[in-house]
Amino acid sequence: MRLRLTPRDDSYYEMFADSANNLVIASRLLVELISEDADREAITEKMRACEQTGDERTHAIMRRLNESFVTPFDREDIYRLASCLDDVMDSMDAAVDLIGLYRLDRLPKGIIDQVEVLERAAELTAEAMPRLRSLKDLTGYWIEINRLENQADQIYRRLLAHLFSGEYDALTVLKLKDVIEELETAADAFEHVANTVESIAVKES
Amino acid sequence: MRLRLTPRDDSYYEMFADSANNLVIASRLLVELISEDADREAITEKMRACEQTGDERTHAIMRRLNESFVTPFDREDIYRLASCLDDVMDSMDAAVDLIGLYRLDRLPKGIIDQVEVLERAAELTAEAMPRLRSLKDLTGYWIEINRLENQADQIYRRLLAHLFSGEYDALTVLKLKDVIEELETAADAFEHVANTVESIAVKES
Amino acid sequence: MRLRLTPRDDSYYEMFADSANNLVIASRLLVELISEDADREAITEKMRACEQTGDERTHAIMRRLNESFVTPFDREDIYRLASCLDDVMDSMDAAVDLIGLYRLDRLPKGIIDQVEVLERAAELTAEAMPRLRSLKDLTGYWIEINRLENQADQIYRRLLAHLFSGEYDALTVLKLKDVIEELETAADAFEHVANTVESIAVKES
């Protein structure tokens, strides 16, 4: 083990946990939005608030980084982890925005599978963040996120095949494709978060 | 403050400023191209020359990096900043190329808003580059670039909604979407430049 | 020259060479798949096996990194190089998958040019990996990869123009565009590999 000769700044762990918990809320809003009798306007409003909370938390981490003399791990890694968490939020928010922008009243059923994978990935990420403190027991987290990303990929490809099955006209395909691609990007972004955590663990171990 | 015990190599600041000034020229060519009575062929030619100048400058920075023993900040950051500036140029050049390739004689009016944001971002970036020397007064720059990127995002989404308003057939939507996406990528790339500058300032402060 | 006071771990060079050789196999499967009388099902099966081999090699590098105390160059660079090689494989695999998923029985002839550039890039990358050991004679490799990427770009744009020439309906354009974009992403990913090698050489020189 490595001795730490400098006082630790524990606030980062809490800030990362806050950011990840915010992603759990956002992913549940996505699940709600997909359901048939959803009050879309109200959910879109909540999503926007969620995205703003996320932005504030990202900036709080950046400000803290500016003021800290000692950081628990490399400054660049803190920076990258905060950015990756922010990317997840941006994609989930963009998907909700596109659904409204394109006035997509009916969505293919398979989208629920995509969104449930995102919810699970958000929960796993939120559970893992506090373990950054010890850098222990993280292997299971990134293996599971990688498995979920593979699953998300399969769901995404199945949805793509469905879009081109002949049921939809070209313009509708274009619109729906944008939405499911944004959700796939969110799944990828969860993997980038996990990769960043893995690379921190590799460096600090 | 940090004492510098090594001689500084100031040529980097000039090379970054040159690259950014080249982006100002490119963004003004884009504004010109959008205007109704534009001589598209002549502008496309100028854009190509601009892109080649950009490439030469990027390579000059890389060569300098190979030959330098001491650099004003981390080698990787110099490398990343040069790459990000190059990415902006690539997207602006690609947008011009696509307009020609797809023979898009008429463009939606809203594109002018997108392009004017790029011009403003280029100007701000060019003004900020010389301040890398002192790493002072950069906060205003990256806050403003982030604000511009948000504005670009709104313009982009408004243009997307317009594309699907029923005015265009599916193939035209596909073509125009490629162009406005490339311009949106350029706006994002300006934000990556600003993020790199921010992360250099965070590390060196 | 820099003295090395620590024992070198040569296994990394072999693992990177293995990964790159696997990309040569994958690129040749792509060439085979494009030919008119191809047994697509058999090739898709082989591609899947190839992608799994790639994944195993990537994970072997990551595991080795976890266990190594001394690495031949920066841990993060080893991590990034392994990830970039993996990205190439993912894009080539995704292209094959989309061709099957969209049931694209006929592909535009120009795709063979795209795929042959990928094959050449894979071969060059595989030849360059063993030279990471000495970090010598790598300049020619990354100049050539950059040239190939420019060529790939021109082929890609020519294919795009062809897609919109009026020969295809909107849904077919959408499908074919996804395939050629994935192949273009693979060409870009080869350039990212070369850029990573270049940045390792810059740092270690």
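Lettering of chains follows the sequences in order, A, B, ..., and the numbering in each one begins at 1.
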Kindly compute the distance separating NZ (Lys177(B)) from CG (Leu174(A)), expressed to the nearest 0.5 Å.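 Between Lys177(B) NZ and Leu174(A) CG, I get 6.0 Å after rounding to 0.5 Å.
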For chain B, which residues from residues 163-170 of chain A lie under 4.5 Å away (heavy-atom distances)?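 Within residues 163-170 of chain A, near chain B: Ala170(A).
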Heavy-atom pairs under 4.5 Å with chain B, option from Asp97(A), Leu98(A), Val173(A) with the top count: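 Looking at each of Asp97(A), Leu98(A), Val173(A) in turn, Asp97(A) comes out on top.
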For residues 182-198 of chain A, tabulate all N or O donor-acceptor pairs below 3.5 Å that involve a side-chain atom, not counting sequence neighbours.
residue   : atom : partner   : partner atom : Å
Thr185(A) : OG1  : Glu181(A) : O            : 2.8
Thr196(A) : OG1  : His192(A) : O            : 2.8
Glu198(A) : OE2  : Trp142(A) : NE1          : 3.4

